[in-house]
Amino acid sequence: MIDLLGYIVILGLTVQAFSGLTFLISSVWEKEKQATIFGGIQFSGMLGLLILFIYWKASGFFATGIGAFILIFFFIAAVFGIVACVRRTPANQRALEGTKGLIVGNVERFDESRHVFARNRALIPGSDPYKAFYQKHPELEAGDAARREKGGPLGHPGTVDKPHDGPNVAATFASLSLCMWLSTLDKVKPQAHPECKGRTIELSSEEASIRVKGFAKSIGAALVGITEINPLWVFSHKGEIFHENWEDWGKPLETKHKYAIVCAEEMNFEMIGSAPHTSTVMESMGAYARGAFIAAQLANFIANLGYSATAKQLRYYEELLVPLAVDAGLGEAGRLGYLLTKKFGPRVRLSAVTTNLPLVPDKPIDIGVEDFCRICKKCAVCCPSKSIPLDDQKEVNGTLRWKLNSETCFDYWGKVGTDCNVCMKVCPWSHADTMPHRLIKWLVSRNSISRRLFAVMDDIFYGKRPKARPAPKWAQFKAFNT
Ligand code: SF4
Ligand code: SF4
């Protein structure tokens, strides 16, 4: 019996040492200095213990009273630890209901024209929409005027990385131009190709769902989900104007489509690690452009099947995409206000296609985000503009959530001239999608003890306030010699 126990413990320690080694390799690859040091200590400790146990086993030490005690103690502690961290603790029923689970009162639909982005970049001082808006919201006029005076975000008038920001800003605007180009009405609401016009291809909703998801993935979507559109997440009024379509400004919006196909585009781990520098806004815009490209093609595909479809992307939104993504089962909303996916955490940008093509909706998921965010708070602690709440979720417009202060966040973007992304970078769910992190996310998703354990471990291994990592050479915000 003792002999068998010896083999089991040695096998367990071998697995532990191997996990330690993969974590160490992953940390070196991620260029995480602190995690590399602690990962090295952890691996050395595990390896030392393994060698010691092999030696004790070979020398017959486990046949002695003290040896057997140590062996049995290790075995029981390991079994207890594994069971405590792996067993599935009760699911969060609220998360499993998606956004419906978060509604606790009357929800007023979101007016896009009131959004800090829309009013600051769309409203031209002196224009009729400008006058109409500030007559309705006089409390916002002075603050917005001061913002316009200072210049807006995204490189106007400067960035944290001046004077070497030129290449990154140029690349950022290249991606933005693609979003703009794909946001004209003929592209977001495509007609069927002449070869496909006048016919409707009959598909079962199951087949249609498999086909649209497969197509979206084949053209680059990292994650795809389907939901029936909850009308509460459709904007009440149009507010963003990009193509001189001023007649649309302030226009009431209603949903014409029953379904939304929501896509998440991964943002590169290395680029996001450099937040808040220009390499990070370049990556954000690149992901938005990928989303625009995917949404445009997907809408076109559905139009060619004979159904109405509209592409929703950075320069053409009619719905709040985070709630749609939650309902489509792509993840849960985190403290920082973004969607947290299991695979990439908040390191994604969203796009969508709304349609009347009959589809099968996906189910919302519980990956433990709500509980983890309650413990973690790292984004709130690290946010340079203190825009993320440190306290618990509150009722905001009839929904229970953490409410990001988008006004102060926007002002910080204006100050650094990028879209900051510090909260995204420091989030423990944003780590690279490597084997050790996948294992940790699996544990965290199913077990409340693991959430507490790994929230603390993240602080130890990555620091309470993780520093920016260097961007890849081609995207560095400093001049370099070739
Ligand atoms: S983007 Fe920056 S300023 Fe805005 S909430 Fe995140 S960390 Fe704060
Ligand atoms: S940093 Fe922590 S608190 Fe913030 S979103 Fe990520 S897990 Fe939640």
Side-chain angles (χ1 to χ4, degrees), residues 92 95 115-117 120 147 152-154 159-160 267 269 271-285 287-288 322 325-326 330-349 366-394 401-431 437 440-441 443-445 448 450-468:
N92 178 357
H115 191 260
V116 65
F117 268 130
N120 280 282
R147 282 191 182 107
L154 310 179
T159 75
V160 274
M267 295 165 76
F269 164 78
M271 298 283 272
I272 292 307
S274 64
H277 292 282
T278 44
S279 29
T280 193
V281 69
M282 180 174 22
E283 180 59 18
S284 296
M285 219 46 82
Y288 278 129
V322 172
V326 169
L330 294 190
E332 292 180 59
R335 180 185 289 273
L336 78 181
Y338 291 123
L339 176 81
L340 257 72
T341 65
K342 190 168 176 184
K343 200 165 181 192
F344 311 112
R347 236 178 352 97
V348 292
R349 290 290 189 222
D366 166 29
I367 53 172
V369 165
E370 193 177 334
D371 190 25
F372 194 90
C373 283
R374 259 197 216 112
I375 311 157
C376 168
K377 302 182 182 172
K378 203 173 242 184
C379 53
V381 169
C382 296
C383 172
S385 63
K386 303 284 165 245
S387 302
I388 302 172
L390 269 162
D391 50 4
D392 214 350
Q393 295 142 297
K394 286 203 177 89
R401 62 189 161 114
W402 287 285
K403 169 91 174 77
L404 171 81
N405 185 337
S406 54
E407 310 272 323
T408 49
C409 171
F410 180 86
D411 286 340
Y412 187 74
W413 289 20
K415 190 171 157 195
V416 288
T418 72
D419 63 350
C420 177
N421 280 330
V422 164
C423 47
M424 187 182 285
K425 176 195 71 186
V426 302
C427 179
W429 292 76
S430 282
H431 292 308
H437 293 303
I440 291 169
K441 284 180 192 175
L443 291 169
V444 160
S445 295
S448 58
S450 290
R451 280 170 219 142
R452 276 137 192 90
L453 178 69
F454 287 109
V456 174
M457 298 261 286
D458 200 85
D459 282 351
I460 296 170
F461 279 76
Y462 298 93
K464 279 185 188 298
R465 292 171 178 269
K467 293 195 180 74

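Numbering of ligands and ligand atoms starts at 1, following listing order. This one's a predicted model, so the numbers in the text were calculated from it and none came from an experiment.
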Atoms of ligand 1 under 4.0 Å from any heavy atom of Pro384, numbered from 1 in the order shown, are 7 (S)
For Phe117, is there any backbone N or O sitting under 3.5 Å from a side-chain donor or acceptor partner on His115? yes
Which atoms from ligand 1 have a heavy atom of Cys383 less than 4.0 Å away? 3 (S), 5 (S), 7 (S), 8 (Fe)
Quick check: does Cys373 have an N/O/S atom under 2.8 Å of atom 4 (Fe) of ligand 2? no
Give a yes or no answer on whether the side chain of Arg465 reaches the backbone of Cys382 with a donor-acceptor pair at less than 3.5 Å. no
What pair of heavy atoms forms the shortest contact from Cys379 to Val426, and how long is it? CA-CG2, 3.9 Å
Using every non-hydrogen atom in the two residues, find where Arg349 and Met424 come nearest and quote the distance to one decimal. NH1-CE, 3.7 Å
Would you name the heavy atoms of Ser274 and Thr280 that are closest together and state the gap between them? OG-N, 3.9 Å
Out of all atoms in ligand 1, which are within 4.0 Å of some heavy atom of Ile388? Include the element for each. 5 (S)
Checking the side chain of Thr418 only, and the main-chain atoms of Pro276 only, is there a donor and an acceptor separated by less than 3.5 Å? yes
Numbered atoms of ligand 1 (with element) below 4.0 Å of Asn421, judged on heavy atoms: 1 (S)
Shortest non-hydrogen pair, Val444 vs Arg451, comes out as O-NE, 2.8 Å
Would Cys427 count as a contact for atom 6 (Fe) of ligand 2, in the sense that one of its N, O or S atoms lies under 2.8 Å from it? yes
Calculate, to the nearest 0.5 Å, the distance between atoms CH2 and CD belonging to Trp402 and Glu370 respectively. 5.5 Å
Over all atoms of both residues, closest heavy-atom pair of Met282 and Met271: CE-CE, 3.9 Å
Within 2.8 Å of atom 8 (Fe) of ligand 2, is there any N, O or S atom belonging to Cys376? no
Going by the atom numbers of ligand 1, which of them fall below 4.0 Å from some non-hydrogen atom of Leu404? 5 (S)
Within the 4.0 Å heavy-atom shell around Lys377, which atoms of ligand 2 are there? 2 (Fe), 3 (S)
Side chain, backbone, both or neither: which part of Phe372 comes within less than 4.0 Å of ligand 2 when only heavy atoms are counted? side chain
Could you list the atoms of ligand 1 found under 4.0 angstrom from a heavy atom of Ser385? 3 (S), 8 (Fe)
Residue part near ligand 1, for Thr408, under 4.0 Å between non-hydrogen atoms: neither
Per-atom contacts, ligand 2 versus Arg335 - under 4.0 Å to a heavy atom: 3 (S), 5 (S)
Ranked by distance from atom 4 (Fe) of ligand 2, the top protein heavy atom is Cys379 SG, 2.3 Å
Counting from 1 in the order shown, the ligand 2 atoms closer than 4.0 Å to a non-hydrogen atom of Trp429 are 7 (S)
So is Phe410 in contact with ligand 1, going by heavy-atom distances below 4.0 Å? no
Mind telling me whether His437 and His431 have parallel, tilted or perpendicular rings, with 30° and 60° as the class edges? parallel
Numbered atoms and elements of ligand 1 in range of Trp413, under 4.0 angstrom, heavy atoms: 1 (S), 4 (Fe)
To check your reading of the model: name the closest protein heavy atom to atom 6 (Fe) of ligand 1, its residue, and the distance in Å. Cys423 SG, 2.4 Å
Evaluating non-hydrogen atoms only, which member of Ser406, Ser387, Gly337, Cys420 is closest to atom 2 (Fe) of ligand 1? Cys420
Any donor-acceptor pair under 3.5 Å from Lys386 side chain to Val381 backbone: yes
Part of Leu336 with heavy atoms under 4.0 Å of ligand 1, whether side chain, backbone, both or neither: neither
Indicate the atoms forming the closest heavy-atom contact of Asp391 with Arg335, along with that distance. O-NH1, 3.1 Å
